J.: 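Once you've had a glance at the structure underneath, I'll fire off some questions.
Below, read A as the first sequence line, B as the second, and so on, with proteins coming before strands; counting in each chain starts at 1. Computed from a predicted structure; not experimentally measured.
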There are 2 protein chains.
Amino acid sequence: MTVSRVLRNRGDVSDTTRTKVLAAAKALGYVPNKIAGALASNRVNLVAVIIPSLSNMVFPEVLTGINQVLEDTELQPVVGVTDYMPEKEEKVLYEMLSWRPSGVIIAGLEHSEASRAMLKAAGIPVVEIMDTDGIPIDAMVGISHRRAGREMASAILKAGYRHIGFMGTKMPLDHRARKRFEGFTEVLAKNGVEIEDRAFYSGGSALAKGREMTQDMLSRSPELDFLYYSNDMIGAGGLLYLLDQGIDIPGQIGLAGFNGVELLQGLPRQLATMDACRLEIGRRAAEIIAAQLSDPPDPVETKVVLAPTIAYGDTLKRR
Amino acid sequence: MTVSRVLRNRGDVSDTTRTKVLAAAKALGYVPNKIAGALASNRVNLVAVIIPSLSNMVFPEVLTGINQVLEDTELQPVVGVTDYMPEKEEKVLYEMLSWRPSGVIIAGLEHSEASRAMLKAAGIPVVEIMDTDGIPIDAMVGISHRRAGREMASAILKAGYRHIGFMGTKMPLDHRARKRFEGFTEVLAKNGVEIEDRAFYSGGSALAKGREMTQDMLSRSPELDFLYYSNDMIGAGGLLYLLDQGIDIPGQIGLAGFNGVELLQGLPRQLATMDACRLEIGRRAAEIIAAQLSDPPDPVETKVVLAPTIAYGDTLKRR
DNA sequence: CAAAGGTTTGTTCGCGATAACATCGTGCCC
DNA sequence: GGGCACGATGTTATCGCGAACAAACCTTTG
């Protein structure tokens, strides 16, 4: 018991025994068994973080934000990846919950019935992140992707572009991309504009795909004067292709992506994009979890809607 | 006990009771407590994966390889990030080991004395990955970065370049980058060539840094005819800059990076690089863990040295 | 129909820690 | 010097499950 107290820094232990215990622990290479500790204390201090993908640049940045905040607490994030598949999300969630984490941060607002039931039944703080177009189970932090789509559409129309092509990923289950697209077309429709060509890809190097798709689309639909990409990577590919071709950007053709990835800063031109507030989302989500778990719970805003900001860069005319 | 048997699919249970149990579990939303299970059975089925960074594109790919293999087993990876800091590695390792994982996959061969002691004392399979220039604690999978550096140097010299500049990250603790550099300079030295200029960066967008640094270096040392970058991202930045400047590549200046990232496929020119076998490393490491944990342990090769292959691309003359 | 043997279900104990409470010492005060 | 308070240390029960063994229940067979 004294050893336990020393190693957890809890309760009074005299300095002499404390040092003796620490010395012995070191000599023996003793590593406490958190499994037993967690069982006995009913406290786990793990936060399950469930995201669709790691190979995306956007989620690692969210993780960074989460880490930054949790580092100052005793909480530790544990990451699970769903590959955008609801069944896998369900499985990962089940696995995670069976470790009885202290909280859950999960991407998106769309989950299977079973997943929602598990989250509700878990009796722990749940923060749904990235997206705010929907009703959260508990807390949420994100941006409105519908609004992001709408704002980009407005900016494009205001700049005078009228013949718009769209390129995105072939991901029916990426609800956020879908919502952006919906918001985008909604504003276009209100202004009597329709998307004139579209293309979707899956797999491969996004940059290379952006190139190819742009080439294909322009040869198919040479009248286009604007290309909207569902992410910056393919947008960057398109940009590089158009620059190669000596096309006037943003005069002849305008371009925009989404995400505000750091990569863009190194391109010959700055691609117009919209910041998805990834780091901030991670931080705020972690803060909500931490606040709800502190004793007594700190009051926090549990429905956080961040405002994505448009970056015009060099590929979208301004008026 | 019968419930336990049903939920773990272990032991004989009649179909009638099995269905009854499953129905009840579902109705109650019962999620078994793995903490208690792990404590009782002394089996955890977690594999600790300890890597320096997630924002790098190289480690996510290793993780993908690990995932691919572990998905077919009952093992589950748990990721810890060290930010290239030995103290943090030590801390993360300690935290991880206190959950008593079934195996450890850890990047690099260089660890603090304490970390090595913990790994040895843990009594579980340990696979050190990425690098093979050194002596592993237990198993290792990777490439020789020294050799990678040497081979690139040979290729560059063979192509006739003699005035070489180097750009890399300011990371004294990235041992693999260091070893590549050592191998590189070693071959140069043998051929009476020295690196004529060098620059290091930290933080920021690698692509943008590649641009800036290349510009600076060439204005400082205009006589250079080859630029060797410690990673593809800054190499790509340099490439884009030089193309902007209308410089003849690979005639006037040759370029090479390292890693073989997918990104490169979308660039206007293919940057010369060397594949680090990231996916393969992840897969092999996971296979070693899985094999050693199967009962009885499958025999596997525990010292796997993969051969990095050079890709000449369009930025390195061939002869 | 009893014994044997297999299948299914139940009991007990312990995993390694912590919570809660109990005990031991020491110093202080009246 | 006795009583008390408080800090330091020790005891016991418990967390939820699985291992190992025990018991109950079937089925088969001579």
J.: In whole angstroms, how far is the P atom of dG16(C) from the NZ atom of Lys34(A)?
T.: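 Taking atom P of dG16(C) as the reference, NZ of Lys34(A) is at 17 Å.
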J.: Would one find more than 12 heavy atoms of other residues, nucleotides or ligands at under 6.0 Å from atom CD1 of Ile135(A)?
T.: no
J.: Got a salt bridge between Glu74(B) and Arg43(B), using NZ or NE/NH1/NH2 to carboxylate O under 4.0 Å?
T.: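 No, Glu74(B) and Arg43(B) are not salt-bridged.
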J.: Taking only Lys NZ, Arg NE, NH1 and NH2, and the carboxylate oxygens of Asp or Glu, determine whether Lys179(B) and Asp133(B) approach each other closer than 4.0 Å.
T.: no
J.: Quick one: Arg5(A) CZ to dC21(C) P, roughly how many Å, whole number?
T.: 14 Å
J.: With a 4.0 Å limit, can you tell me whether Ser41(A) has a side-chain N or O closer than that to the phosphate oxygens OP1/OP2 of dC15(D)?
T.: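 So the side-chain polar atoms of Ser41(A) never come under 4.0 Å of the phosphate oxygens OP1 or OP2 of dC15(D).
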J.: Establish whether the base of dG16(D) is bridged to the side chain of Arg100(A) by a donor-acceptor pair shorter than 3.5 Å.
T.: no
J.: Taking 4.0 Å as the cut-off, does a side-chain nitrogen or oxygen of Ser14(B) come that near to OP1 or OP2 on dT9(C)?
T.: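 So the side-chain polar atoms of Ser14(B) do come within 4.0 Å of the phosphate oxygens OP1 or OP2 of dT9(C), strictly under.
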J.: More 5' along DNA chain C: Thr17(B) or Asn42(B), using each one's nearest nucleotide?
T.: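 Going by which nucleotide is closer to the 5' end, it is Thr17(B).
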J.: Between atom CH2 in Trp99(A) and atom C1' in dC15(D), what is the gap in whole Å?
T.: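 Distance, rounded to whole Å: 15 Å.
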J.: Tell me which of Ala36(B) and Ala38(A) sits closer to the 5' end of DNA chain C, going by the nucleotide each one is nearest to.
T.: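 Result of the comparison: Ala36(B).
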J.: If you look at every strand shown and take non-hydrogen atoms under 4.0 Å, does Arg10(A) touch a base, only sugar-phosphate, or nothing?
T.: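 Since no nucleic acid heavy atom lies under 4.0 Å of Arg10(A), the category is nothing.
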J.: Under 4.0 Å between a side-chain N/O of Arg43(B) and OP1 or OP2 of dA19(D), yes or no?
T.: yes
J.: Round to the nearest Å and state the distance from Leu7(B) atom CG to dC17(D) atom P.
T.: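 Distance check: Leu7(B) CG to dC17(D) P gives 9 Å.
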J.: Side-chain contact, heavy-atom cut-off 4.5 Å: Met118(A) with Glu90(A)?
T.: yes
J.: Figure out the CG/C1' separation between Asp12(A) and dC24(C), and round it to whole Å.
T.: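 Between C1' of dC24(C) and CG of Asp12(A): 15 Å.
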J.: Please report, rounded to the nearest Å, how far the P atom of dG7(D) is from the CZ atom of Arg18(A).
T.: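 Roughly 15 Å, once rounded to whole Å.
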J.: Output yes when at least one side-chain N/O atom of Tyr30(B) is less than 4.0 Å from OP1 or OP2 of dG16(D), else no.
T.: no
J.: Considering only heavy atoms from C-beta outward, does the side chain of Arg100(B) approach that of Val31(A) to under 4.5 Å?
T.: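 Yes - at least one pair of side-chain heavy atoms lies under 4.5 Å apart.
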J.: Quickly work out the Leu39(B) CG to dT14(D) C1' distance and round it to whole Å.
T.: 12 Å
J.: Met1(B) side chain: which of dG16(D), dA20(C), dG10(C) is closest?
T.: dG10(C)
J.: Atom CZ of Arg8(A) and atom P of dG16(C): how far apart are they, to the nearest Å?
T.: 17 Å
